[in-house]
Protein chains: 4
Amino acid sequence: MNAAILLFAERGYDATTVPKIADKAQVGAGTIYRYFENKEALVNALFQECIHKFLEAFKSTKPESTTDVRQQFHVLFHVMVDYAENNTHELHFIDTHCSGHYLDEKSKQIFQDFLDFLKNFIEHGKEQGVLCLLPSDALIAIVYGAFSHLFKLIRIGVIQESTELLDSIEECCWNAIRIH
Amino acid sequence: MNAAILLFAERGYDATTVPKIADKAQVGAGTIYRYFENKEALVNALFQECIHKFLEAFKSTKPESTTDVRQQFHVLFHVMVDYAENNTHELHFIDTHCSGHYLDEKSKQIFQDFLDFLKNFIEHGKEQGVLCLLPSDALIAIVYGAFSHLFKLIRIGVIQESTELLDSIEECCWNAIRIH
Amino acid sequence: MNAAILLFAERGYDATTVPKIADKAQVGAGTIYRYFENKEALVNALFQECIHKFLEAFKSTKPESTTDVRQQFHVLFHVMVDYAENNTHELHFIDTHCSGHYLDEKSKQIFQDFLDFLKNFIEHGKEQGVLCLLPSDALIAIVYGAFSHLFKLIRIGVIQESTELLDSIEECCWNAIRIH
Amino acid sequence: MNAAILLFAERGYDATTVPKIADKAQVGAGTIYRYFENKEALVNALFQECIHKFLEAFKSTKPESTTDVRQQFHVLFHVMVDYAENNTHELHFIDTHCSGHYLDEKSKQIFQDFLDFLKNFIEHGKEQGVLCLLPSDALIAIVYGAFSHLFKLIRIGVIQESTELLDSIEECCWNAIRIH
DNA sequence: AATGAATGAGCGTTCATTCAT
DNA sequence: AATGAATGAACGCTCATTCAT
């Protein structure tokens with residue numbers, strides 16, 4: 001599964017062949033089919049697992065423990081950073097596969113659950129009068145789009161990661177969506 | 001070429017077959033090979049043309065005509081919006097193909113030129129003390145990432161486009177990168 | 001299609017690979033797929049064509065032109081002999097594939113039509129009081145079973161074909177089903 | 001071995017996979033290879049056993065105990081009926097596999113022995129001046145062909161089996177080969 | 001210049017066979 | 001002795017590319 005995520009993230013679903021996955025995983029090609037019905041089932045299983053892990057990371061922080069929106073944002077942002085740092089390929093895999101034509105209903109559902117979780121936070125912030133009154137999807141897109149592009153640059157080495165940088169970026173993202 | 005961009009944008013490079021492009025373009029499959037050496041040459045030509053058009057759109061606005069950074073940002077943002085509105089598929093095509101394994105040196109170069117153009121603006125803004133002192137690539141990523149995610153949502157109909165929305169989003173993006 | 005019939009007849013559906021058909025037909029493997037959606041479509045098309053040709057041969061003799069059952073049997077038997085002689089492989093192909101799990105509805109239907117045609121003749125003979133009052137299917141099975149086994153032996157060279165032999169066999173088959 | 005015969009009879013040699021046989025037999029796939037060198041050895045062992053059982057059934061009736069050919073035919077026919085009734089799948093298995101490309105020399109030999117046994121009877125009948133003076137193989141083909149087609153129809157339920165029917169069919173088969 | 005039938009390399013997948021447990 | 005996970009050769013099939021028309 002690691003080999004598959006890596007290759008899918010690097011080259012995309014269609015350009016990743018089952019034999020290549022098998023090679024990288026150092027197993028026979030047929031072995032993969034003992035665990036996954038086919039290539040599509042494999043990519044869906046991986047996608048669901050990645051999102052699940054990401055979602056669990058969010059939920060385990062219990063963002064409802066504080067009502068301060070800025071504080072909540074800080075916590076959420078750091079979950080994202082943690083995930084991005086420890087699961088570089090997973091994040092990239094999610095980014096590049098979340099709208100693939102091969103995703104099944106379950107994958108789409110869990111991805112929607114993920115977006116809904118983020119939406120909840122945004123909605124709460126808007127109710128508190130702290131966040132812009134734009135559509136929640138738009139605010140999510142702003143933060144998530146910025147974040148994922150940024151970590152792509154970090155992954156390929158264009159930008160050097162550092163605590164200061166991440167703090168500043170958090171501030172930028174916060175400034176993007178808060179009311180001025 | 002229109003047919004090719006459409007299909008590449010919709011399904012990705014690897015899932016788009018040359019016969020399908022030929023069908024959509026209402027020509028024979030062989031005809032495509034009179035104009036492009038192979039599928040890779042085709043996608044590169046398309047990519048270069050798209051970026052070139054985008055870049056020209058930016059350059060034709062002569063952003064150097066004013067020194068006010070906010071004003072420049074406004075102009076640039078509206079070039080992006082115009083491009084996104086009039087070339088929905090091109091923007092999506094760029095987004096999904098800009099880090100493809102099939103891009104040749106020239107494509108990578110022109111994409112770099114495009115990023116460098118944006119970088120120039122950022123750099124100028126930082127010199128003027130108006131923009132955050134983060135790496136220019138990071139600031140670009142924030143704005144561009146937010147922007148492209150947003151227009152993806154608009155393209156697939158999740159968000160309804162409107163002048164007010166776009167103005168607000170411009171403000172959000174500006175808030176993300178300016179100094180507070 | 002000739003190559004395919006030959007190989008299917010010789011080795012059976014499952015043991016006949018598309019590459020082998022292509023080799024025998026001296027075409028590329030992909031070429032077959034320009035004319036048939038898949039291997040199953042190929043075997044069905046062949047089957048339907050074979051039965052159709054057989055059925056047409058029967059119908060063109062206008063067996064209704066005489067009411068003498070023995071005379072009709074003579075005509076029908078000679079159609080079978082003609083077909084068997086001129087389409088050795090087709091007959092074998094029909095025999096070995098008529099109850100295959102890969103046959104589609106249309107193939108089953110046309111084979112049923114073929115049996116129904118023979119049944120008509122039998123039924124007529126029974127009405128005339130000339131043929132045994134066994135189920136028509138049984139009488140067909142007797143004649144057709146005997147006939148096809150016989151021609152199998154002829155095909156593989158165990159028995160030498162001759163006019164006298166065939167006349168005698170016709171007599172045997174007739175004796176099998178007529179009333180004594 | 002029962003599981004294997006069933007599956008071979010139902011779907012044919014090539015369409016029957018070793019794992020499916022193992023499943024049906026409720027053993028591990030590897031276990032089969034402790035008893036048979038490979039799939040081909042398995043099908044040959046089964047074939048030889050089936051023919052052997054069939055042949056033994058014939059021989060145990062001691063057809064030489066009477067010299068009356070019609071009486072002998074009656075006995076032989078009933079051995080065939082008994083076998084067909086008690087070993088439906090075996091008969092079908094023999095029918096569909098007796099000219100398979102996977103049969104080894106021993107299988108072909110024992111099948112030949114089986115035919116030779118029938119031939120003996122025919123030859124005796126011809127000597128007695130009771131049976132047609134056609135090639136013995138042809139007479140066997142007529143009776144065996146008719147018989148096996150008939151039991152196929154009985155197996156799949158097209159014809160309802162009954163003592164009267166079988167008696168009539170015996171008479172038909174006898175009429176087919178006796179001298180008139 | 002344009003075509004599309006033909007090609008065959010390479011895909012996703014299956015399954016006879018092996019072998020560590 | 002029995003297992004079933006693992007294997008990889010070979011299947012059915014697709015499609016980028018060629019070339020005779």
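Lettering of chains follows the sequences in order, A, B, ..., and the numbering in each one begins at 1.
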Remember a base hit wins even if backbone is also touched, and classify D:Tyr35 as base, sugar-phosphate or nothing at under 4.0 Å, heavy atoms.
sugar-phosphate
Counting any heavy atom closer than 4.0 Å, what does B:Thr31 reach on the DNA or RNA strands: base, sugar-phosphate only, or nothing?
base
Which nucleotide, if any, forms a Watson-Crick or G-U wobble pair with [N], using both distances under 3.5 Å?
N	result
E:dA9	F:dT14
E:dT17	F:dA6
F:dA1	none

Relative to each other, are the rings of D:Phe111 and D:Phe47 parallel, tilted or perpendicular (30° and 60° limits)?
tilted
Taking for each residue the nucleotide of DNA chain E bearing the nearest heavy atom, is the 5' side occupied by D:Ala29 or by A:Glu40?
A:Glu40
Please compare D:Lys20 and B:Val27 by the position of their nearest nucleotide in DNA chain E and report the one closer to 5'.
B:Val27
Value in whole Å for how far the [atom2] atom of [N] lies from [atom1] of [X]:
X	N	atom1	atom2	result
A:Tyr33	E:dA16	OH	P	18 Å
B:Gln26	E:dA1	CD	P	22 Å
A:Asp14	E:dG12	CG	C1'	12 Å
A:Asp23	E:dG12	CG	P	12 Å
A:Ile32	F:dT7	CD1	P	10 Å
D:Glu37	E:dT17	CD	P	9 Å
B:Lys39	F:dT18	NZ	P	15 Å
B:Ile21	F:dC15	CD1	P	12 Å

Is it true that the side chains of A:Gln109 and A:Asp113 contain a donor and an acceptor less than 3.5 Å apart?
yes
Flag side-chain contact, heavy atom, 4.5 Å: C:His97 against C:Ser107
no
Ignoring the backbone of [X], work out which of [options] is nearest its side chain.
X	options	answer
D:Arg34	E:dA1, F:dT3, E:dT17	F:dT3
B:Val18	F:dA16, F:dA2, E:dA2	F:dA16
C:Pro19	F:dG12, F:dA16, F:dA2	F:dG12

Between D:Tyr102 and D:Lys39, is there a cation-pi geometry (under 6.0 Å to ring centre, at most 45° from the normal)?
no
In Å and rounded to the nearest 0.5 Å, what is the SG to NE2 distance from A:Cys50 to A:His92?
12.5 Å
